[in-house]
Amino acid sequence: MSALTLNLFQRPEGGIGRAFALSALVHIVLAAVLFLGVRWQVHPPDVVSVDLVDTLPPPPPPAPVVEAPKPPPPAPKVEPEVKPPPPVPKPDIAIREKPKPKPKPKPEPKKIEAKPKPDLEMQKRMQEQLAQEQRALDQQRQERQLRDLLAAQQADATRKAASARASALGEYIGRIQAKVRGNWILPPDLQGNPEAIFLVTQLPTGEVLGEPKLLKSSGNPAYDDAVYRAILKSSPLPLPSDRALFSRELKLTFRPRDK
């Protein structure tokens, strides 16, 4: 064995004494604990005292009867929920039903608000206003009727004046034509009723100024020449009864068969 191993098994001399001292101390402590524990458990006996009496004490009152708690009501039976069987999917070839159109909501009826009744003063003002408007309408209608009447009278008067003028002018031209007819000499071979129109210029005294102008020939030169000479021979021409009918130029028409 090596020198190191020998050193390990060698004990120092001072270690044995310390071990004996420690062992003695442990035994002393254990003996003290046992002694004290036995003294704590030993105590003097209890003293019982008895009192002698002639009568026994009344019995104690009976204990109140405590009703037993009622059992809780039985819990309702819960039936197991029966789940419906899952829907069977329709085959793809099945015709799908068209969804039904949703009904249109009905329109809510409009609430008619009650109009407040006008007071008497307002009614009176409205009646006066209506009466005033009615009077204005009546006045306008009367004025329109009066205008229509005046217009009709004026038109009638104008028509009558025009008719009278035309009549007077016709009478004036007729007198001129009659005088010219009295002065013409018609060709003997004249046939039919040819028409010749001349424009005659005259003075305010009725005298023919210049030569008459043939505006439309009758187609018979002999007849046209006879009328031309008769107009010059008839100067001065007759004057109208109303000087307002006098015209410087006159358009005269002549037909041999007219009277």
- [ ] Please assess Val227 against Phe198 for the test side chain to side chain contact (heavy atoms under 4.5 Å, CB included), listing each intermediate value before the final yes or no.
- [x] CA-CA 9 Å; Val227 175; Phe198 285 88; 3.5 Å; yes

Is any side-chain heavy atom of [X] less than 4.5 Å from a side-chain heavy atom of [Y]?
X: Leu239; Y: Phe246; value: yes
X: Ile231; Y: Val200; value: yes
X: Glu195; Y: Phe254; value: no
X: Thr205; Y: Pro236; value: no
X: Tyr228; Y: Leu214; value: no
X: Ile176; Y: Leu250; value: yes

[Y] backbone acceptor or donor facing [X] side chain under 3.5 Å:
X: Ser218; Y: Ala196; answer: no
X: Asn193; Y: Arg257; answer: yes
X: Lys179; Y: Ser234; answer: yes
X: Gln202; Y: Glu249; answer: no
X: Ser163; Y: Arg159; answer: no

Measuring from atom [atom1] of [X] to atom [atom2] of [Y], what distance do you get when rounded to the nearest 0.5 angstrom?
X: Lys216; Y: Leu199; atom1: NZ; atom2: CG; result: 15.5 Å
X: Leu130; Y: Arg125; atom1: CG; atom2: CZ; result: 13.0 Å
X: Gln154; Y: Arg147; atom1: CD; atom2: CZ; result: 13.5 Å
X: Leu120; Y: Met122; atom1: CG; atom2: CE; result: 11.0 Å
X: Ile173; Y: Lys251; atom1: CD1; atom2: NZ; result: 11.5 Å

For [X], does the [atom1] atom have more than 12 heavy-atom neighbours from other residues, nucleotides or ligands under 6.0 Å away?
X: Gln139; atom1: CD; value: no
X: Gln132; atom1: CD; value: no
X: Glu133; atom1: CD; value: yes

Looking only at heavy atoms, which two atoms of [X] and [Y] are closest? And how far apart?
X: Asp224; Y: Ser217; value: OD2-OG, 2.5 Å
X: Gly219; Y: Pro221; value: O-CD, 3.6 Å
X: Tyr172; Y: Leu245; value: CE2-O, 4.3 Å

Open item on the list: Hydrophobic clusters here meaning ILVMFWY residues chained together by side-chain heavy-atom distances under 4.5 Å, can you tell me if Leu209 and Leu237 are in one?
Closed with: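 Per the 4.5 Å side-chain linkage, Leu209 and Leu237 are not co-clustered.
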
Task: Cluster overlap Tyr223 with Leu232, hydrophobic side-chain contacts below 4.5 Å - done: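 Yes, Tyr223 connects to Leu232 through the hydrophobic network.
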
Open item on the list: side chain to side chain donor-acceptor pair (under 3.5 Å), that's the test. Do Gln142 and Asp138 meet it? Break it down for me.
Closed with: CA-CA 6 Å; Gln142 292 176 0; Asp138 294 341; over 6 Å; no

Compile the donor-acceptor pairs under 3.5 Å between side chains in residues 184-192 and protein atoms, sequence neighbours left out, one pair per line.
{"unit_1": "Trp184", "atom_1": "NE1", "unit_2": "Arg181", "atom_2": "O", "d": "3.3"}

Task: N-O pairing of Asp148 and Arg144 below 4.0 Å - done: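 Salt bridge flag = no for Arg144 with Asp148.
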
